[in-house]
Student: 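Structure incoming, see below.
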Number of protein chains: 2
Amino acid sequence: MSTTAPGKGRGPRADAQRNRDHILDTAAQYFSEHGVSGSLDAIAKKAGVGAGTLYRHFPNREALLAALLTARDEELVKRRDAIRAEPAGAASRLEQWLDALIGWAGAFDGLPEPLRTATTTETSPLGMTCQGYITTTDEFLLAAQKEGTARAEVRGRDLFLAALATSWVRDAAMADEFSAQALKSLTRNGWAASGTADSGH
Amino acid sequence: MSTTAPGKGRGPRADAQRNRDHILDTAAQYFSEHGVSGSLDAIAKKAGVGAGTLYRHFPNREALLAALLTARDEELVKRRDAIRAEPAGAASRLEQWLDALIGWAGAFDGLPEPLRTATTTETSPLGMTCQGYITTTDEFLLAAQKEGTARAEVRGRDLFLAALATSWVRDAAMADEFSAQALKSLTRNGWAASGTADSGH
DNA sequence: AAACCATACGGAGGATGTCTCCGTTTTGTC
DNA sequence: GACAAAACGGAGACATCCTCCGTATGGTTT
């Protein structure tokens, strides 16, 4: 989880780097337990730093979230590459990628909300991240469209939002795990070209 | 917007009734302008009543929201009856009902969130409301399934959540009105039985 | 119409949370 | 070891939610 960018000018001071990493670790755990709306001051206290230190490193909740997701970036990128390398058809690959997105957006309780906001707000750290994944979604989607297994009028952005929405429905819907699955199938049938749809129970 | 239930014991005091109605009106306007997360204290002030008065009538944000939606209930119920009376096929009726739900959930910015929470939380004023509309959704869905135009494995609850999700995506997505439309089509194709799907440009 | 009391009002204030400011401390360099 | 730049910490300004309780008002009774 170190972020020591080599060669770039003079690196950050040692204590700053240490604190930053530690805050990130603490925040990851705290958000896991309390959802993304957990108190930032509480995170600072738990990490053993002053509130000022936390806010200097991460000016607001979104920045902290963005940093947290960047740390997880590697994982999702790896997944993307693994899916790319699969011998399966384009439709299956797209489906797997969307599944990965749903899982990614569900990393913390309540995460879909800021992600959706970021997706439409642009020009924010989170927005950049989302934009990148929309591009990837477009890549898989285009392949499926060329293959004839995905409707032509669908856009990557729409599927990305649909994945967020699925994750959003799953949040706090623990009483009914079916619903998330249902949304997934609904989406699956939604983008599939006629005749290739799968009831996906 | 009066809520004078006739015959039920001794009604509320006149000033209480007046305040309640006025708070409701003020809240409707305030939420329209600032979304459902607007400050409750600000609403009280704007309505010219003390905070205590607001909280006595509506113990929390959800209660206020529920009262606000109850006022709109009549409208949606009327729409439901109108759809029922239509000569169109069951699929078309289901589609129109889902459209109505999407519009309903978009009455205020940010409304889908508490609605989703209420849907999965049950036993809350909002939860009751949602439950009722899920039942209606089931009614329209069942007709479409009997007609053979809707997949058998879909449930009303899922479509209800999908409608909320669509409204959720639309929120703050003004930069891209397409997305909401896309989600709608995606869902439409998702529940339609094979062969009856419509690309819904 | 005056008195009575249940009902309702208002707004100060406790609790929690976000974020800023600035005096103090730490780090890296010379 | 001394110096300046970088970073720290936590008090406190400010916003919100919500409660508590002394005070005012409305309806009823005589």
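Here is how names work: the chains are called A, B, and so on, in the same order as the sequence lines, proteins then strands, and each is numbered from 1.
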Student: Considering only D/dG26, C/dT18, D/dC18, which nucleotide approaches the side chain of A/Leu40 most closely?
Tutor: C/dT18

Student: Kindly say if A/Arg56 contacts the phosphate of D/dC8, meaning a side-chain N or O under 4.0 Å from OP1 or OP2.
Tutor: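 Yes, within the criterion.
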
Student: Find the distance B/Ile23:CD1 to C/dA8:C1' and express it as a whole number of Å.
Tutor: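 After rounding, the reported distance stands at 11 Å.
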
Student: Given C/dC9, C/dT18, D/dC8, which nucleotide is nearest the side-chain atoms of A/Thr53?
Tutor: D/dC8

Student: If you measure from the Lys or Arg side-chain nitrogens to the Asp or Glu carboxylate oxygens, is any gap between B/Arg18 and B/Asp15 under 4.0 Å?
Tutor: no

Student: When you check the phosphate oxygens OP1 and OP2 of C/dA8, does a side-chain N or O of B/His57 lie under 4.0 Å from one of them?
Tutor: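 Checking C/dA8 against B/His57, no side-chain N or O comes under 4.0 Å of OP1 or OP2.
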
Student: Rounded off to whole Å, could you give me the NE2-to-P distance for the B/His22 and C/dA8 pair?
Tutor: 19 Å

Student: How close or far is atom P of C/dC22 from atom OH of A/Tyr55, stated in whole angstroms?
Tutor: 19 Å

Student: Hydrogens and angles aside, do A/Glu113 and B/Trp168 bring a side-chain donor and acceptor to less than 3.5 Å of each other?
Tutor: yes

Student: Of B/Asp41 and B/Ala16, whose closest DNA chain C nucleotide lies nearer the 5' terminus?
Tutor: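 Per heavy-atom nearest nucleotide, the more 5' residue is B/Ala16.
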
Student: Kindly indicate, with the supporting measurements, whether the criterion side-chain hydrogen bond (donor to acceptor under 3.5 Å, both in side chains) is fulfilled by A/Asp73 and A/Tyr133.
Tutor: CA-CA 10 Å; A/Asp73 246 8; A/Tyr133 292 141; 2.3 Å; yes

Student: Salt-bridged, A/Asp138 to A/Arg157, with N to O below 4.0 Å?
Tutor: no

Student: From the set C/dC9, C/dG17, D/dG27, return the single nucleotide nearest to any side-chain atom of A/Ser39.
Tutor: C/dG17

Student: Please tell me whether B/Trp97 and B/Thr137 have a donor and an acceptor in their side chains that are separated by less than 3.5 angstrom.
Tutor: yes

Student: Give a yes or no on whether a donor-acceptor pair under 3.5 Å exists between the nucleobase atoms of C/dA8, that is its base, and the side chain of B/Arg13.
Tutor: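 Side chain to base: no pair below 3.5 Å.
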
Student: Consider the side chain of B/Pro12, meaning its heavy atoms from C-beta on, and name the nucleotide among C/dT26, C/dA8, C/dC9 that approaches it most closely.
Tutor: C/dA8

Student: Describe the nucleic acid contact of A/Ala51 in one word from base, sugar-phosphate, nothing, applying a heavy-atom distance below 4.0 Å.
Tutor: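 Here A/Ala51 touches the bases of the nucleic acid.
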
Student: Consider the side chain of A/Val49, meaning its heavy atoms from C-beta on, and name the nucleotide among D/dC17, D/dG9, C/dA8 that approaches it most closely.
Tutor: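 Closest nucleotide among those given: D/dG9.
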
Student: Please report, rounded to the nearest Å, how far the C1' atom of C/dC9 is from the CZ atom of B/Arg18.
Tutor: 11 Å

Student: Nearest to the side chain of A/Asp15, which nucleotide is it out of D/dC18, D/dA7, C/dC9?
Tutor: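 It is D/dA7.
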
Student: Is B/Asn60 near enough to D/dC17 that one of its side-chain N or O atoms lies under 4.0 angstrom from OP1 or OP2?
Tutor: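 For D/dC17, OP1/OP2 do not have a side-chain N/O of B/Asn60 under 4.0 Å.
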
Student: In whole Å, I'd like the distance from the CD1 atom of B/Ile43 to the P atom of C/dG11.
Tutor: 17 Å

